[in-house]
Amino acid sequence: MQVHLSSSHIGWGTSSLGKDVDELSQCVDYFRNIAGRSGKIVFMGHSTGCQDVMHYLVGAGKENRAPIDGGILQASVSDRQAMEGQLDEEQRSNTNKIAAEWVAAGRGEDVLSSAATHGFFDAPICARRWLSLASPNHDGEDDYFSSDLTDEQYQKSFGSLPKESKLCILYSGKDEYVPEHVDKKALVDKWIGIVKRGSGKVDEKNSGVVEEATHDLKNNPEEVINGLFSRVVGFVSGL
């Protein structure tokens with residue numbers, strides 16, 4: 001099933017991870033209660049959907065959400081580091097300053113101008129969500145996947161997965177939003193290690209870098225797309 005949340009399409013820039021996972025929890029309850037239905041429920045998130053998967057499993061209020069059997073992270077990029085590759089330091093600093101001032105003034109839900117955001121995102125984005133993604137303090141709610149986060153920060157996310165939910169990490173090998181200095185394999189291996197140290201469950205066989213895959217697999221060769229599909233099927237079949 002593909003769910004359409006309040007944040008779907010261009011709505012994500014004014015929504016929040018908390019709202020997303022509340023709606024996803026309602027979806028899980030719905031599917032679990034359909035008469036005659038049984039089986040496992042797995043979330044597969046793409047890009048910002050990866051933040052939703054992680055937030056569902058480890059974010060505030062996790063104990064009140066309907067449990068799921070697994071989560072797949074496909075193209076789990078850092079928005080903050082993507083900005084570093086496409087906006088210069090002065091541009092990022094100015095936008096962060098404006099967003100912080102608006103939040104402090106109680107205007108966190110106001111939408112930033114396209115001039116302020118330099119057209120980086122293809123959707124309207126409010127000051128609160130901008131800082132959630134791009135906080136220069138590396139403490140934004142959405143900042144789950146940056147390569148420069150500390151082990152302590154990773155421990156609160158990858159190291160705190162619920163025991164009943166297994167993770168699969170599918171990192172695009174040619175993701176155009178990942179800076180060149182990021183060692184993709186080393187980063188995925190680090191996440192896997194932290195999951196294991198936290199006694200969580202991760203599919204080491206199917207997780208990893210999907211070679212030649214771009215962010216959304218658009219126009220990728222058939223063998224690349226089929227390779228990702230086989231990993232997904234392998235993961236789900238093994239639950």
Side-chain angles (χ1 to χ4, degrees), residues 4-24 45-56 58-62 73-158 171-172 175-182 184 187 214-216 218:
H4 287 266
L5 308 175
S6 298
S7 63
S8 293
H9 306 297
I10 64 169
W12 68 268
T14 53
S15 189
S16 68
L17 296 182
K19 186 174 183 180
D20 284 354
V21 297
D22 284 347
E23 293 179 3
L24 286 168
H46 163 70
S47 199
T48 302
C50 295
Q51 280 114 276
D52 281 339
V53 173
M54 289 299 293
H55 204 72
Y56 193 97
V58 304
K62 59 184 178 182
L73 308 179
Q74 191 267 311
S76 48
V77 302
S78 161
D79 292 274
R80 174 167 58 80
Q81 290 186 312
M83 291 178 193
E84 292 172 5
Q86 300 188 40
L87 301 176
D88 62 41
E89 185 174 353
E90 182 179 2
Q91 289 174 320
R92 301 194 310 273
S93 178
N94 288 340
T95 307
N96 289 338
K97 183 174 182 291
I98 293 170
E101 289 174 349
W102 283 23
V103 169
R107 298 181 57 195
E109 301 308 311
D110 288 359
V111 173
L112 296 166
S113 70
S114 58
T117 63
H118 309 284
F120 183 78
F121 293 114
D122 59 358
I125 185 165
C126 66
R128 168 192 51 77
R129 192 69 190 258
W130 178 274
L131 286 181
S132 178
L133 295 160
S135 172
N137 299 322
H138 302 187
D139 59 356
E141 183 179 62
D142 275 88
D143 198 353
Y144 276 108
F145 307 119
S146 294
S147 64
D148 56 5
L149 296 179
T150 65
D151 285 0
E152 182 180 3
Q153 286 174 299
Y154 282 142
Q155 189 60 42
K156 294 177 181 178
S157 55
F158 287 95
Y171 206 100
S172 292
D175 198 311
E176 57 270 34
Y177 297 108
V178 178
E180 290 185 3
H181 67 79
V182 174
K184 301 178 181 67
L187 183 60
T214 55
H215 184 65
D216 59 5
K218 184 177 181 180

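The first residue in the sequence is number 1, and the count goes up from there.
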Inset, instruction - Would you please name every residue forming a side chain to side chain donor-acceptor pair (under 3.5 Å) with D110, sequence neighbours left out? - result: R107

Legend entry - Point-to-point distance, once rounded to the nearest 0.5 Å, from CG of L17 to OG1 of T48: 8.5 Å

Inset, instruction - Measure the shortest side-chain to side-chain distance between M83 and F120 over non-hydrogen atoms and say whether it is less than 4.5 angstrom. - result: yes

Legend entry - Interatomic distance, N94 atom CG to E89 atom CD [nearest 0.5 angstrom]: 10.5 Å

Legend entry - Nearest-0.5 Å distance that lies between atom CZ in R129 and atom OG in S7: 7.0 Å

Legend entry - Minimum heavy-atom distance between V77 and S47, given as atom pair plus value: CG2-OG, 4.4 Å

Legend entry - Flag for H46-Q74: side-chain donor and acceptor within less than 3.5 Å: yes

Inset, instruction - Over all heavy atoms of both residues, which pair between M54 and F158 is shortest? Give the atoms and the distance, please. - result: CE-N, 3.8 Å

Inset, instruction - Would you please say whether a donor-acceptor pair under 3.5 Å links the side chains of S16 and E141? - result: no

Legend entry - Straight-line distance of H118 NE2 to T95 OG1, nearest 0.5 Å: 3.5 Å

Legend entry - Gap between atom CG of L5 and atom CG of D22 - 0.5 Å precision: 10.5 Å

Inset, instruction - Report yes if some heavy atom in the side chain of D79 is under 4.5 Å from a heavy atom in the side chain of Y144; otherwise report no. - result: no

Legend entry - Residue pair Q91 / D88, side-chain heavy-atom distance below 4.5 Å: yes

Legend entry - Any side-chain donor near an acceptor of the partner, W12 and D20, under 3.5 Å: no

Inset, instruction - Please assess E109 against R128 for the test salt bridge (Lys or Arg N to Asp or Glu O under 4.0 Å), listing each intermediate value before the final yes or no. - result: CA-CA 6 Å; E109 301 308 311; R128 168 192 51 77; 2.6 Å; yes

Inset, instruction - Looking only at non-hydrogen atoms, find the nearest pair between V53 and G45 and report the distance. - result: CG2-N, 3.8 Å

Legend entry - Main-chain N/O of T214 paired with S172 side-chain donor or acceptor, under 3.5 Å: yes

Inset, instruction - Locate the shortest heavy-atom distance separating L87 from R92; write the atom from each residue and the value. - result: O-NH1, 2.8 Å

Legend entry - Contact check, side chains of I125 and T14, non-hydrogen atoms, under 4.5 Å: no

Legend entry - Contact summary for V21 and G18, nearest pair of heavy atoms: CG2-O, 3.3 Å

Inset, instruction - Answer whether the closest heavy-atom distance between the side chains of L133 and F121 falls below 4.5 Å. - result: yes

Legend entry - Heavy-atom side-chain proximity of I98 to L112 below 4.5 angstrom: yes

Inset, instruction - To the nearest 0.5 Å, tell me how far H55 NE2 sits from S157 OG. - result: 12.0 Å

Legend entry - S6 backbone acceptor or donor facing E23 side chain under 3.5 Å: yes

Inset, instruction - Step through the shown structure and confirm whether more than 12 heavy atoms of other residues, nucleotides or ligands are within 6.0 Å of NZ on K156. - result: no

Inset, instruction - Answer whether the closest heavy-atom distance between the side chains of H138 and L149 falls below 4.5 Å. - result: yes

Legend entry - D216 side-chain N/O to K218 backbone N/O, donor-acceptor pair under 3.5 Å: yes

Legend entry - Minimal non-hydrogen separation, G140 against S135, with atom names: N-CB, 3.8 Å

Legend entry - Donor-acceptor side-chain pairing of Q81 and S147 below 3.5 angstrom: yes

Legend entry - Y154 side chain near F145 side chain, heavy-atom distance below 4.5 Å: no

Legend entry - Set of side chain to side chain donor-acceptor pair (under 3.5 Å) partners for S146, sequence neighbours left out: S78, R80, D143

